[in-house]
Amino acid sequence: MRTGILVVATVFATAISIAAVAHEGAKGVVKERMDGMEVIGKQVKMMVPMLKGETPYDPAKVELAAMKISSHAGSAFTELFPTGSTTAPSEASPEIWEKWDAFSRLSDELAINADMLKTIAAKDVASGSNDTGQFDDAFRNVLQTCKSCHQQFRAD
């Protein structure tokens with residue numbers, strides 16, 4: 001399972017790097033949500049090496065990253081998906097509006113998971129802990145939520 005999550009994390013981080021080019025020409029609400037996804041992607045990309053053990057766990061950076069992710073999740077995110085906002089270069093699948101409740105739940109789940117990650121990191125900052133156990137689990141939950149949403153609601 002750990003290997004699978006690490007592969008997903010690496011693929012997700014790489015996709016975010018490529019997405020910046022794909023967002024050219026986006027306007028209005030499509031641009032706003034793509035910009036938000038780019039912010040989330042940058043935070044994920046920064047934390048993936050910590051999850052892999054390639055860089056030291058830095059709870060202060062994780063706390064800030066989790067706050068940024070959370071601010072682009074939940075209702076703040078779903079508000080950026082008005083009906084019919086699928087104009088190119090949008091990567092939003094029409095499934096979003098057909099399965100709005102599931103999409104909204106995943107957006108709320110991302111906010112909850114990001115908030116949990118933030119809480120863990122804040123606790124580690126306060127205590128001076130660098131134990132990655134809780135970080136690993138909480139960040140995997142964030143990654144799994146991203147993966148679930150992208151699999152269901154991102155057009156290829």
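Please read these numbers as outputs of a predicted model, since none were measured by experiment. Residue numbers start at 1 and run along the sequence shown.
Rounded to the nearest 0.5 Å, atoms CG (Asp108) and CZ (Phe77) are 11.5 Å apart. The CG atom of Leu80 sits 10.0 Å away from atom CG of Asp35, with the distance rounded to the nearest 0.5 Å. Between the CD atom of Gln144 and the CG atom of Leu106 there is a distance of 10.0 Å, given to the nearest 0.5 Å. Atom CE of Met34 sits about 9.5 Å away from atom CE of Met37, to the nearest 0.5 Å. Taking NZ from Lys45 and CD1 from Ile40, the interatomic distance works out to 15.5 Å, rounded to the nearest 0.5 Å.
Residue pairs meeting the side chain to side chain donor-acceptor pair (under 3.5 Å) criterion with at least one partner in residues 66-83, sequence neighbours excluded, are Ser70-Asp115.
Listed by chain and number, the residues in a salt bridge (Lys or Arg N to Asp or Glu O under 4.0 Å) with Lys99 are Glu95 (sequence neighbours excluded). In this structure Ser104 satisfies the side chain to side chain donor-acceptor pair (under 3.5 Å) test together with Trp100, sequence neighbours excluded. Applying the side chain to side chain contact (heavy atoms under 4.5 Å, CB included) criterion to Ala92, with sequence neighbours excluded, gives Arg33, Phe81, Ser90, Ile96, Trp97. Among residues two or more places apart in sequence or in another chain, the side chain to side chain contact (heavy atoms under 4.5 Å, CB included) test is passed with Ala155 by Ser93. Under the rule for a side chain to side chain contact (heavy atoms under 4.5 Å, CB included), the partners of Pro49 that lie at least two apart in sequence or sit in another chain are Glu54, Thr55. Residues satisfying the salt bridge (Lys or Arg N to Asp or Glu O under 4.0 Å) criterion with Asp137, sequence neighbours excluded, are Arg140.
Residues Leu143 and Met46 share a hydrophobic cluster, clusters being chains of Ile/Leu/Val/Met/Phe/Trp/Tyr side chains in contact below 4.5 Å. Note on Val39: it does not cluster hydrophobically with Leu110, by side-chain heavy-atom contacts below 4.5 Å among ILVMFWY residues. When the side chains of ILVMFWY residues are joined at heavy-atom separations under 4.5 Å, either directly or via intervening members, Leu51 and Val125 end up in two distinct hydrophobic clusters. Cluster membership for Met67 and Val48, using ILVMFWY side-chain heavy atoms within less than 4.5 angstrom, is not shared.
Proximity of Val44 to Phe139: side-chain heavy atoms (C-beta onward) are separated by under 4.5 Å at one or more points. Residues Ile69 and Met47 have side chains in contact (heavy-atom distance under 4.5 Å, counting atoms from C-beta outward). Under the 4.5 Å side-chain criterion, counting only non-hydrogen atoms from C-beta, Glu109 is not in contact with Cys149.
Considering all non-hydrogen atoms of both residues, Ala111 and Gly74 come closest at CB-N, 3.9 Å.
The pair Asp101-Arg105 does not count as a salt bridge, with every side-chain nitrogen at least 4.0 angstrom from each carboxylate oxygen.
Hydrophobic clustering, defined by side-chain heavy atoms of Ile, Leu, Val, Met, Phe, Trp and Tyr closer than 4.5 Å, leaves Ile112 isolated from every other such residue.
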Can you give me every donor-acceptor pair (side chain of residues 57-64, partner residue at least two apart or in another chain, under 3.5 Å) with its distance?
residue, atom, partner, partner atom, Å
Tyr57, OH, Asp124, OD2, 2.6
Asp58, OD1, Ala60, N, 3.2
Asp58, OD1, Lys61, N, 3.3

